[in-house]
Amino acid sequence: MSAAVMMKIAKVSPRFKARIAGALYLLSVVTAAFTELFVRGRWNIAGGLIAVAVMVVVTLLVYEIFKSVNRGLSLLAAFFSLVGLICEALRLQPQGVNIAIVFAGFYCLLVGYLSSGRPSCLEFWVA
């Protein structure tokens, strides 16, 4: 991307980014649900990959939104999400366990912590 495009993206308000992320998240969930319920064969795999690709964009938008709260934790949350999405795209399920769910759980915990704005909400993990 060029520097001009990056400057335009940086100037967009966090509220607009959050709305775009929410709409894309909804699109990803609807796409994944539709392909799991109604589509078979190669189209099922294609629909799953489309849902994963949209979730990658959502992850990057969420990172951009919460970067101002805590850059390190936001980056860690994005890392967990992207690793989980890679596992989901490659359909890695060692011994029948969906390992992507574990990474998604850590991602949700971190995003929940970042969105709460209270440093004390995860003190029970440290104590």
Side-chain angles (χ1 to χ4, degrees):
M1 290 186 166
S2 69
V5 173
M6 293 302 289
M7 291 297 288
K8 286 182 182 179
I9 292 172
K11 289 181 184 178
V12 174
S13 73
R15 179 174 286 172
F16 183 72
K17 289 178 187 177
R19 287 182 179 170
I20 295 296
L24 289 174
Y25 184 81
L26 181 64
L27 174 68
S28 175
V29 169
V30 169
T31 302
F34 179 77
T35 57
E36 284 295 321
L37 295 174
F38 301 114
V39 180
R40 299 287 176 242
R42 291 183 185 183
W43 291 105
N44 188 319
I45 294 171
L49 291 176
I50 290 170
V52 167
V54 172
M55 281 305 296
V56 168
V57 174
V58 170
T59 297
L60 295 176
L61 282 171
V62 169
Y63 166 73
E64 191 68 31
I65 292 167
F66 289 116
K67 183 172 60 173
S68 62
V69 176
N70 188 327
R71 187 180 186 106
L73 285 180
S74 183
L75 186 61
L76 184 62
F79 171 76
F80 279 128
S81 178
L82 293 175
V83 169
L85 290 171
I86 289 169
C87 292
E88 189 68 33
L90 297 176
R91 298 184 184 256
L92 293 178
Q93 297 184 359
Q95 299 177 356
V97 177
N98 189 353
I99 195 74
I101 296 296
V102 174
F103 290 106
F106 284 118
Y107 170 72
C108 289
L109 278 174
L110 288 170
V111 169
Y113 171 74
L114 289 168
S115 64
S116 71
R118 294 180 300 160
S120 62
C121 79
L122 289 181
E123 283 182 357
F124 64 94
W125 289 95
V126 179

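Distance alone, capped at 3.5 Å, places no donor-acceptor pair between the T31 side chain and the A51 backbone.
Remark: L60 CG to M55 CE distance equals 10.5 Å, nearest 0.5 Å. A distance of 9.0 Å separates CG in L49 from CG in L90, rounded to the nearest 0.5 Å. Here CD1 of I65 is found 11.0 Å from CZ of F16. Values are rounded to the nearest 0.5 Å. Interatomic distance, CD1 of I101 versus CG of N98, reported as 4.5 Å (0.5 Å rounding). Atom CG in L114 sits 9.5 Å away from atom CG in L76 (nearest 0.5 Å). For the atom pair CZ (F80) and CG (L85), the distance works out to 13.5 Å, reported to the nearest 0.5 Å.
Hydrophobic clustering of Ile, Leu, Val, Met, Phe, Trp and Tyr side chains at less than 4.5 Å, counting indirect connections, unites V57 with V111. Each of V30 and V56 belongs to its own hydrophobic cluster when Ile, Leu, Val, Met, Phe, Trp and Tyr are linked at side-chain heavy-atom distances under 4.5 angstrom. Hydrophobic clustering, with ILVMFWY side chains joined whenever heavy atoms are under 4.5 angstrom apart, groups L73 together with V69. Clustering ILVMFWY residues whenever any of their side-chain heavy atoms sit less than 4.5 angstrom apart, transitively, puts F106 in a cluster other than the one holding L92. V58 is connected to V12 through a chain of hydrophobic side-chain contacts under 4.5 Å among Ile, Leu, Val, Met, Phe, Trp and Tyr, so both are in one cluster.
The shortest heavy-atom contact between E36 and R40 is O-NH1, 3.2 Å. Contact detail for V52 and A89: the closest heavy-atom pair is CG1-CB, 4.1 Å. In plain terms, the two heavy atoms of V54 and L24 that are nearest each other are CG1-O, 3.1 Å.
Residue R42 places its CZ atom among 12 or fewer non-hydrogen atoms of other residues, nucleotides or ligands, all under 6.0 Å distant.
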Practice item. Please report the C-alpha distance between S115 and F66 in whole Å, then the side-chain angles of each, then the deciding distance to 0.1 Å, and finally whether the side chain to side chain contact (heavy atoms under 4.5 Å, CB included) criterion is met. Key: CA-CA 8 Å; S115 64; F66 289 116; 3.7 Å; yes
Review point. Between L82 and F103, is a side chain to side chain contact (heavy atoms under 4.5 Å, CB included) present by the stated rule, with each step listed?
Key: CA-CA 9 Å; L82 293 175; F103 290 106; over 6 Å; no
Practice item. Would you sort out whether R91 and I45 count as a side chain to side chain contact (heavy atoms under 4.5 Å, CB included), showing the intermediate values? Key: CA-CA 10 Å; R91 298 184 184 256; I45 294 171; 3.8 Å; yes
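Taking the side chain as every heavy atom from C-beta outward, T59 and Y63 never approach each other to under 4.5 Å.
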